[in-house]
Amino acid sequence: QQQVKQSPQSLIVQKGGISIINCAYENTAFDYFPWYQQFPGKGPALLIAIRPDVSEKKEGRFTISFNKSAKQFSLHIMDSQPGDSATYFCAPANAGGTSYGKLTFGQGTILTVHP
Amino acid sequence: GAGVSQTPSNKVTEKGKYVELRCDPISGHTALYWYRQSLGQGPEFLIYFQGTGAADDSGLPNDRFFAVRPEGSVSTLKIQRTERGDSAVYLCASSLRGGPGEKLFFGSGTQLSVL
């Protein structure tokens, strides 16, 4: 898991604010960059993902920004809501490898959105 | 079923005992994955099944861990001679074909506690 480093470990924002979580990776074979959201007592759920042929992808309030040269990608949550309070994981993978679902999870970022 | 089902949701055992954890993937999904999530950490890959065969078992920590999927649907993770360090949440995930960048659907996990 040291191949993937997330920051910050925890984040507190006010309702309506912007939440930004960063992920740095070492393995240049990674070519699939997802973010997962996990609520207590539940398994992770895919939030948004990007492939390296684009630098940004937006889905609703969620945006991934990707910087291939820096080997970093980030998650931006616009207009953060209390319901977004959860743990977020980056989990890059080598989608061209033989085990496409072999994700390498970061350590997680605990997001708290205050009303 | 509607989602990935894991049973039991909680399992308490004593050091040295044998345990079996069950996973029912989404109907029709040929790819099945086991992950282990220790407290405060991201999930770690254990094993990947494509159909009945283990395509990648590189994440199994040692030979006390074994998994099967005899009919290509339900899978069982088996742990022999359990140790306190095996305490974690064991997550199962499935995807349609195990193709590049496919969405993984996770179950809620089995919380294993070894006393």
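Letters go in sequence order (proteins before strands), and every chain restarts at 1. As a basis for the values below, the full set of heavy atoms in this structure was taken, side chains included, without hydrogen atoms, waters or symmetry mates.
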J.: Is it the backbone or the side chain of B:Leu104 that comes under 4.5 Å from a heavy atom of chain A, or both, or neither?
T.: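 For B:Leu104, heavy atoms of backbone and side chain both lie under 4.5 Å from chain A.
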J.: What I'd like to find out is whether the side chain of B:Lys78 reaches to under 4.5 Å of the side chain of B:Val68, using heavy atoms alone.
T.: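 The answer is yes; the side chains approach within 4.5 Å.
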J.: Shorter than 4.5 Å, heavy atoms on both sides: which option in B:Gly109, B:Gly99, B:Ala31, B:Ser9 has the most such pairs with chain A?
T.: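 Looking at each option in turn, the highest pair count goes to B:Gly99.
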J.: Are B:His29 and B:Ser94 close enough that a side-chain donor and a side-chain acceptor fall under 3.5 Å?
T.: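 Short answer, yes.
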J.: For A:Gln6, is it the side chain, the backbone, both, or neither that has a heavy atom closer than 4.5 Å to a heavy atom of chain B?
T.: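 For A:Gln6, no heavy atom lies under 4.5 Å from chain B.
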J.: Please confirm whether the ring centroid of B:Phe49 lies under 6.0 Å from the ring centroid of B:Tyr33.
T.: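 Here the rings of B:Tyr33 and B:Phe49 have centres that are no less than 6.0 Å from each other.
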J.: Using the ring of each side chain (for Trp, its six-membered ring), is A:Phe105 parallel, tilted or perpendicular to A:Tyr36, with breaks at 30° and 60°?
T.: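 Tilted, since the angle between the ring planes falls between 30° and 60°.
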J.: What part of B:Gln37 lies closer than 4.5 angstrom to a heavy atom of chain A: side chain, backbone, both or neither?
T.: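 Only the side chain of B:Gln37 comes within 4.5 Å of chain A.
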J.: Given heavy-atom pairs under 4.5 angstrom as the criterion, report whether the side chain, backbone, both or neither of B:Phe105 touches chain A.
T.: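 Neither part; nothing is under 4.5 Å.
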J.: Centroid separation under 6.0 Å, is that true for the rings of A:Phe73 and A:Trp35?
T.: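 A:Trp35 vs A:Phe73: aromatic centres under 6.0 Å.
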